[in-house]
Amino acid sequence: MENMIVSSSPHIRDRDRTSHIMRDVCIALVPALIASVIYFGGRAVYITALCMIFSVGAEFLWQKLTGRPVTISDGTAAVTGMLLAFNLPVSAPWWICLIGSVVAIIIAKQFFGGVGHNFMNPALVGRAFLLASWPVIMTKWSAPFTTGFIIPADTVSSATPLAIMKGSLEGTLPGIFDMFIGNIGGCIGEVSSLALLLGGVYLVIRKVISVRIPLTYILTVAVLTFIFPSVGLSGFDSMMYNILSGGLFLGAIFMATDYVTSPITARGQLIMGLGCGILTFVIRRFGAYPEGVSYSILLMNVATPLIDRFTQPKAFGTVKEKKGGAQ
Amino acid sequence: MAKLTFSGGIHPLGKKSATKDKPLVTIEAPELLYFPLSQHIGAPLKPLVSVGDKVLKMQKIADTDAFMSAPLHSSVSGKVKDIGMYLNHTNSKVPTIVIENDGEYQDAEPIHTKSIDDLSPDEMRKIIREAGIVGMGGAGFPTHVKLSPPEDKQITHLIINGAECEPYLTSDRRVMLEMPDDVIGGIRCLMRLLNLSKCYVGIEDNAPEAISILQEKTKNTGIDICVLKKKYPQGSEKQIINAITGKEVPIGKLPMDVGCVVINIGTVAEIYRALAQGIPLHRRIVTVSGDAVRNPSNLYVPLGTPFNALVDACGGTKEETHKIIMGGPMMGIAGISLDIPVVKGTSGLLLFSEKYAHNEAEINCIRCGRCVSVCPMKLVPTTLDMYSRKGDTETLIKNNIMNCMECGSCTYVCPSKRYLVQSIRVGKQKINALRAKEAKN
């Protein structure tokens, strides 16, 4: 009866763990990946695989080189890689994947202390970096059913609906149904709102995310673009085109809900969704840039510690302050 | 009827099926019994006997003048063999009376002989203290203290806690099923003592047999059986008050500050035996369970019996034991030895094999927020964890760390397997140490 294990209570634990959560996120991204294969061909899988390998590899190498414990088994680097790929055009060359992964994992995540300590979504930082550095490559949208299997070949480029609405590119707006199922130009993972929605429902059912951030985010954009429609569009059309394009579903369901960089409290999450929605609307409407999801989320990421501080839950047994004095 | 509950909490596997239908088994006292003089919260006791003295069963063997304390009685007759330092349930060696059982079980005089109906409230309080009764749910708060509120605090709600929310434990359930008359008799005494016409008994909905027995027996008595949703930590004092009355005990205050007294159901049965028959607290029900135990059981055990004897009574172990838990798996203490004796607050004894005893390595917090959504005290455990590791006591106090009751819900759900409660406990200890230092200066 010697050598009993003595530890602090509780002595039982739920079976769920971080790697299971990350596995669920990957599963939830699969429908969107399948949709992108349908529209953009096998190259979508190739790019996604490259980003995942580079991201996990970058984390592994960095931790080996700096003598830190290797944490690739928690699955967070794999998710970052997958999300980064979803934010790239299918015609992106391999070195774009490499640079994006290195920036996301090493600069945005490891420099700040690794998983849990980064203050901005790593995949979005990677994307923002690439977009600023190689704007032509990063905005070369392929039209559906025009890409080669692995080789980018000469893709037929296509303007995104948001760019058309903004008037910065010529073109005709696709039908709303095409936009919903993803039959439009855009990044690998952003085109099919339907597939992303399926993934979102899965995450909500599995209790990985709550609906608070995605719902308030999408609703805010919907309401604002309905009340203040784009020039030449009815309120309804403006709303539909805005919520079904520009990666709003990808951002709202998978990026703004990133645990590490979004508020931890329920009220904070509502503020996160609302803030992202307002910023997205403002950037799209008044900015020079047609999209706005990435930057809105990054800005709200930065505000997250502040939001958390001001939305602390009221502790059980907090005595209500009497208002109004003697009445 | 709508089931009552509180906000937050978790749903761990109940694991009660191993023992919930097993009737109480009374075990023989072993040859040597150990009575630690520190059994629970409150002042340590002073022995009233010396080595070599003959003692009777139910004879008072230790007491003190402190208000926040309760005396101790022998559970056997025999001879005082030693008064020395032995392990108690906190894994520390404390002054302990060792009694050699003579196997005669000669009873001492009852602690009182008056008829139960003639007892005045003050006499009842006195008897409850004299009988050594403390909260038997685990913490062991002396019961007479709860029943003696200062004059400015009016008690309006008497709540009997039958919500045995810790997994594995079934001792309270067996009390309700096998001693319902003692329970109801005790409740009636308490209602008279506190001058109340109503009483609430909270029972979780996973104990339907207990609910129906008590409902049957309490018709038109002013005793209201409240069905509570099965959820951990429903049996916590503040949570059961909230579920039944809707009241929130303010931070840093006691149940009596909102007019409530909460008494564990096993304690109520002991109160009845003390008042009706003059029997002091000298035995208790212990659920012995866990995957290493061959035959998990509910044992009726003389206080002072070492755990070894309990395990023997359950047919020994079927797997090598790697962890001993005194109490439930959520808030119980891991024990270092089976030589530790049963004390008044020992509600359970769990033996885990390697499979359940394993401690996982923690990784970084990913801020998933699960700890926040389950915390019944509405705290942000991960923030407390962070500041506690930094040693920032000022921020910890600002974030209401002292409101944490260490129920373990946050640690249970954490997917990064962080030792949140442990870290919070360290933070609280630091603050207490600082406050003690300030008080000295």
Side-chain angles (χ1 to χ4, degrees), chain A residues 1-22 24 69 71 73-76 79 109 113-119 207-210 212 257-269 304-305 308-309 311-320, chain B residues 10 12-13 91 167 238 242 248-253 321-325 329-338 350 352 356-360 363-369 372-373 375-380 382-383 399-400 403 406-409 411-417 419 421-422 425:
Chain A
M1 297 308 295
E2 294 309 305
N3 296 324
M4 288 298 156
I5 296 174
V6 179
S7 61
S8 170
S9 65
H11 305 284
I12 49 172
R13 300 274 197 142
D14 191 27
R15 286 216 198 94
D16 211 2
R17 51 185 59 240
T18 298
S19 53
H20 294 178
I21 295 174
M22 295 304 144
D24 270 340
T71 61
S73 60
D74 65 19
T76 52
V79 167
K109 186 179 174 189
V115 61
H117 296 301
N118 50 294
F119 69 100
K207 297 205 168 119
V208 171
I209 60 168
S210 91
R212 285 186 285 265
T257 54
D258 171 31
Y259 288 152
V260 177
T261 54
S262 66
I264 204 164
T265 61
R267 276 187 303 152
Q269 289 168 359
T304 290
D308 264 343
R309 183 180 298 181
T311 55
Q312 286 256 338
K314 187 172 68 88
F316 183 93
T318 304
V319 182
K320 288 169 198 109
Chain B
I10 56 171
L13 287 178
N91 292 323
K238 292 182 177 180
N242 185 243
E248 271 185 35
V249 179
I251 296 172
K253 299 278 175 152
T321 307
H322 284 256
K323 198 175 205 178
I324 303 168
I325 296 162
M330 291 302 294
M331 290 187 77
I333 301 172
I336 55 172
S337 162
L338 285 177
L350 307 179
F352 283 162
Y356 287 92
H358 183 60
N359 282 324
E360 287 173 90
I363 61 171
N364 281 356
C365 169
I366 55 165
R367 293 174 35 91
C368 67
V372 184
S373 59
C375 179
M377 301 312 281
K378 303 277 156 261
L379 305 172
V380 185
T382 180
T383 308
N399 284 291
N400 292 311
N403 211 18
E406 301 168 20
C407 71
S409 299
T411 313
Y412 178 84
V413 296
C414 179
S416 290
K417 310 294 163 194
Y419 290 86
V421 171
Q422 186 174 344
R425 212 176 269 145

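Just so it is clear: chains get the letters A, B, ... in the order the sequence lines come, proteins before strands, and each one is counted from 1. Computed from a predicted structure; not experimentally measured.
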Rounded to the nearest 0.5 Å, how far apart are CE of Met4(A) and CD1 of Ile325(B)? 11.5 Å
Chain B heavy atoms under 4.5 Å from Asp74(A): which part of the residue, side chain, backbone, both or neither? side chain
4.5 Å side-chain heavy-atom contact, Ser7(A) and Lys323(B): yes
Return the option, out of Thr265(A), Thr18(A), Val208(A), with the maximum number of heavy-atom pairs under 4.5 Å with chain B. Thr18(A)
Locate the shortest heavy-atom distance separating Asn364(B) from Gly114(A); write the atom from each residue and the value. ND2-C, 4.4 Å
Go through Tyr356(B), Tyr419(B), Phe352(B) and name the one with the most non-hydrogen pairs under 4.5 angstrom from chain A. Tyr419(B)
At a 4.5 Å cut-off on heavy atoms, which part of Ser373(B) comes close to chain A: side chain, backbone, both, or neither? neither
Between Pro167(B) and chain A, which part of the residue has a heavy atom less than 4.5 Å away: side chain, backbone, both or neither? side chain
Could you look at His20(A) and say if it's the side chain, the backbone, both or neither that has a heavy atom under 4.5 Å from chain B? neither
Can you tell which of Val260(A), Thr257(A), Val6(A), Thr261(A) has the highest number of heavy-atom pairs within less than 4.5 Å of chain B? Val260(A)
Name the member of Arg425(B), Lys253(B), Lys238(B), Glu406(B) that forms the most heavy-atom pairs with chain A at distances under 4.5 Å. Arg425(B)
Find the distance between CD1 (Ile366(B)) and CZ (Arg17(A)) and round it off to the nearest 0.5 Å. 12.0 Å
Show the nearest heavy-atom pair for residues Asp14(A) and Val413(B), with the distance to one decimal. CB-CA, 4.2 Å
Sort out for me which of Cys368(B), Gly369(B), Cys414(B) touches chain A most, counting heavy-atom pairs under 4.5 Å. Cys368(B)
With chain A as the partner, which of Lys417(B), Gln422(B), Glu360(B), Met331(B) has the greatest number of non-hydrogen pairs under 4.5 Å? Lys417(B)
Flag side-chain contact, heavy atom, 4.5 Å: Ile363(B) against Thr71(A): no
Between Ile10(B) and chain A, with a heavy-atom cut-off of 4.5 Å, which part of the residue counts as in contact: side chain, backbone, both or neither? neither
Heavy-atom distances under 4.5 Å only: say whether Asp258(A) touches chain B with side chain, backbone, both or neither. neither
Quick one: of Thr411(B), Val249(B), Asn400(B), who has the most non-hydrogen atom pairs under 4.5 Å with chain A? Thr411(B)
Could you tell me which portion of Pro12(B) (side chain, backbone, both or neither) has an atom closer than 4.5 angstrom to a non-hydrogen atom of chain A? side chain
Residues Thr318(A) and Glu248(B): closest non-hydrogen pair is N-OE1, 3.9 Å
Testing the basics here: between Tyr412(B) and Arg13(A), what is the closest heavy-atom pair and its distance to 0.1 Å? CE1-C, 3.6 Å
On a heavy-atom basis, which atom in Met330(B) and which in Ser9(A) lie closest, and how many Å separate them? O-CB, 3.3 Å
Kindly indicate whether a cation-pi arrangement holds for Arg367(B) with Phe119(A), taking the cut-offs as under 6.0 Å to the six-membered ring centre and within 45° of the axis. no
Engaged part of Ile12(A) at the chain B interface, taking heavy atoms whose separation is under 4.5 Å: both
Select one option (side chain, backbone, both, neither) describing which atoms of Thr304(A) are under 4.5 Å from chain B's heavy atoms. side chain
Part of Pro69(A) within contact of chain B (heavy atom distance under 4.5 Å): neither
Looking at Pro313(A) and Val380(B), what are the two nearest heavy atoms and their distance? CD-CG2, 3.6 Å
Looking only at atom types and distance, does a side-chain atom of Asn403(B) sit under 3.5 Å from a main-chain N or O of Phe316(A), one as donor and one as acceptor? yes
